Amino acid sequence: MKLIFERSVPGRHCDVLGKCDVPYADLPAGLERAEAPELPELAEVDLNRHYTELNHNVHGVNCGFYPLGSCTMKYNPRVDEEMAALPGFTGIHPLAPAEAVKGCQEVLETAKAYLTEITGMDDMTFQPAAGAHGEFTGVLLIKQYHDSRGDKARTKIIVPDYAHGTNPATAAMCGFEVVNIASAPDGCVDLEALKAVLGPDTAGLMLTNPNTVGIFDENILEITRLVHEAGGLCYYDGANLNAVMGVVRPGDMGFDCIHLNLHKTFATPHGGGGPGAGAVGCKAFLAEFLPQSALMREAGHLQVRAFAGNFLVVVRALTYLLTMGREGIPEAAKNAVLNANYLMQQIKGSFDVAFDRICMHEFVLDLSEYKKETGVSALDVAKSLIDYGMHPPTMYFPLIVHEALMLEPTETESKETLDWAAEIFHKMYALGKEDPEFMHQAPHQAQIGRPDEVLAARKPVLRWVKPE
Ligand SMILES: *Cc1c(COP(=O)(O)O)cnc(C)c1O
């Protein structure tokens, strides 16, 4: 496919601007460019076709199944988008006086009321723009709490080995030393390992429950009790609340602060790095350290982002909450769990499941034996799925499972889609045994096959350079 710059023809254009109806003003001297910018020149029809072609080459939830574990790629109802597009929400100015944006303030306050109820927290801010940003904010609350008590000895944050990579990264960015603990063979926190590292230097624990292998830790009350007993606080990574929303509450599990990814669980499409919201909730005793919550611009409060954060993401979340209601939210969670268990049981006949027990909203396949046998890796299977119109599952995560594929079907997929997906996995399993070389070469249909991912991440080419 050609780049838009390669489609450009000098002098071609589409006139879309009306005549200027205000007086021209001269730019201050020195601000004018010496040369015209090198913008692509295209007719409207070619411009339209370019972006439509790009659209056809992208896989999203609207195109097909997207079982990307830990990421909750659920279908987001259109009505949430419609509400977020209302001019009363999109046309506001962040510096508008509070009296002029009362409706927006009510959106924030109502969303806060529902989400604190769902999580068992007392207060919440919508400032952080992503999950990782929310974690950073939440762990700063823990730091502020210990500092405010003059407790300078608490320098360590405990993180289980199955944690999302953002957890240890966050703890380190907040200036803490990260203490990793190994999980038990059943995928849960090893209580003895936890006890061994707890002490007067413990600032807190960061935990996901259900964890990243899709298992709800039955010892959760004992875990949070032990951390509190040692003087630490408990942070809940609630990026993905899909398995438990409306069913159990992190606050009741003993957690002191949490973040939610509104862009995973609560109806904002994501995946392209678009606007998100890592809402941070906390118990009352931490609320004084919370960044300003709603549209309030109180003096003295920490700010982690300008104004009210990504406000329209909160509008979508509130619409989702109001349309789902008190019955719909737990029903969605239960269906997410049901769908994951159904798909796991369907696939189990071929690939190995890492933890063969009832899972929550996601499960992990372990392809290490299969790879030994066939030479076909988790990466090969993931790449092969692309040819069948399925987005690959999360790969090589969590780190405690080798050759991991982590699937999260979400509640919005039908039984037909899950049956179709299971059939493809069986097909992959058989194909890998028959023709491993074909799998090593996959994908065969996609625009981009197997880029050098390290090079792409370290030296991304983000700018078109005119050929000499
Ligand atoms: C997605 C995710 C995060 C990070 O969220 P971002 O919005 O991508 O920063 C953190 N923890 C868990 C468990 C996640 O699934």
Side-chain angles (χ1 to χ4, degrees), residues 61 66-74 76 119 125-140 157 159-174 178 183 187-189 204-217 220 234-245 250 253 255 257-281 304-305 309-310 313-314 316-317 333 336 340 359-364 391 393-401 404-410 457:
V61 178
Y66 205 140
L68 192 62
S70 198
C71 293
T72 319
M73 303 303 286
K74 63 167 80 173
N76 301 293
T119 53
T125 175
F126 294 115
Q127 271 211 344
H133 196 190
E135 286 175 42
F136 180 67
T137 308
V139 173
L140 282 183
I157 293 272
V159 180
D161 57 2
Y162 56 66
H164 195 272
T166 48
N167 293 181
T170 293
M173 273 186 70
C174 293
V178 179
S183 43
C188 296
V189 167
L205 165 83
M206 295 181 84
L207 201 81
T208 308
N209 193 33
N211 62 24
T212 60
V213 293
I215 292 172
F216 190 93
D217 202 313
I220 193 63
C234 298
Y235 182 89
Y236 181 88
D237 178 340
N240 184 337
L241 206 70
N242 233 32
V244 295
M245 58 177 179
M253 295 181 212
F255 288 93
C257 63
I258 62 149
H259 85 271
L260 301 174
N261 279 19
L262 300 189
H263 50 289
K264 282 181 181 165
T265 312
F266 298 98
T268 286
H270 64 288
V280 170
V304 295
R305 197 177 182 281
N310 285 326
V313 176
V314 185
R316 289 184 185 89
C359 67
M360 297 300 285
H361 58 298
E362 59 194 4
F363 61 94
V364 180
H391 193 285
T394 298
M395 303 183 299
Y396 299 100
F397 177 76
L399 303 176
I400 55 172
V401 178
L405 287 180
M406 178 201 238
L407 284 89
E408 180 185 2
T410 83

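Worth saying up front: this structure is predicted, and the values here are computed from it rather than measured. Read the numbers this way: they start at 1 and go in the same order the structure lists the ligands and their atoms.
Looking only at atom types and distance, the side chain of Ser70 has no donor-acceptor partner in the side chain of Asn240 under 3.5 Å away. Under 3.5 Å, the side chains of Glu408 and Thr72 contain a donor-acceptor pair of N or O atoms.
Remark: distances from the non-hydrogen atoms of Glu135 to ligand 1 include one below 4.0 Å.
For ligand 1, one of its N or O atoms has an N or O atom of Ser70 under 3.5 Å away. The N/O atoms of Cys71, backbone and side chain alike, include none that comes under 3.5 Å of an N/O atom in ligand 1. Where the criterion is an N or O separation shorter than 3.5 Å, residue side chain and backbone included, Thr208 fails it with respect to ligand 1. Taking distance alone, with nitrogen or oxygen atoms compared against 3.5 Å, Asn261 approaches ligand 1 more closely than that limit.
If you number the atoms of ligand 1 from 1 as listed, the ones under 4.0 Å from a heavy atom of Ala130 come out as 7 (O), 9 (O). Less than 4.0 angstrom separates some heavy atom of His263 from each of these atoms of ligand 1: 7 (O).
Contacts of Asn240 with ligand 1, taken as heavy-atom pairs under 4.0 Å, are absent altogether. The part of Ala239 lying near ligand 1 is the side chain, judged by heavy-atom distances below 4.0 Å. Under 4.0 Å from ligand 1, not a single heavy atom of His270 appears. With a 4.0 Å cut-off on non-hydrogen atoms, Lys264 touches ligand 1 through its side chain and not its backbone.
Taking a distance limit of 4.0 Å, we find that atom 8 (O) of ligand 1 is approached by no protein heavy atom.
When every heavy atom of Ala243 is checked against every heavy atom of His361, the shortest pair comes out as CB-ND1, 3.3 Å. Met406 and Pro393 get closest at one heavy-atom pair: O-CB, 3.3 Å. The heavy-atom pair separating Val304 from Gln127 by the smallest distance is N-OE1, 2.8 Å.
Taking 4.5 Å as the limit, some side-chain heavy atom of Cys188 sits within range of a side-chain heavy atom of Ile215.
Classification of the His259-Tyr235 ring pair by plane angle, with boundaries at 30° and 60°, yields parallel.
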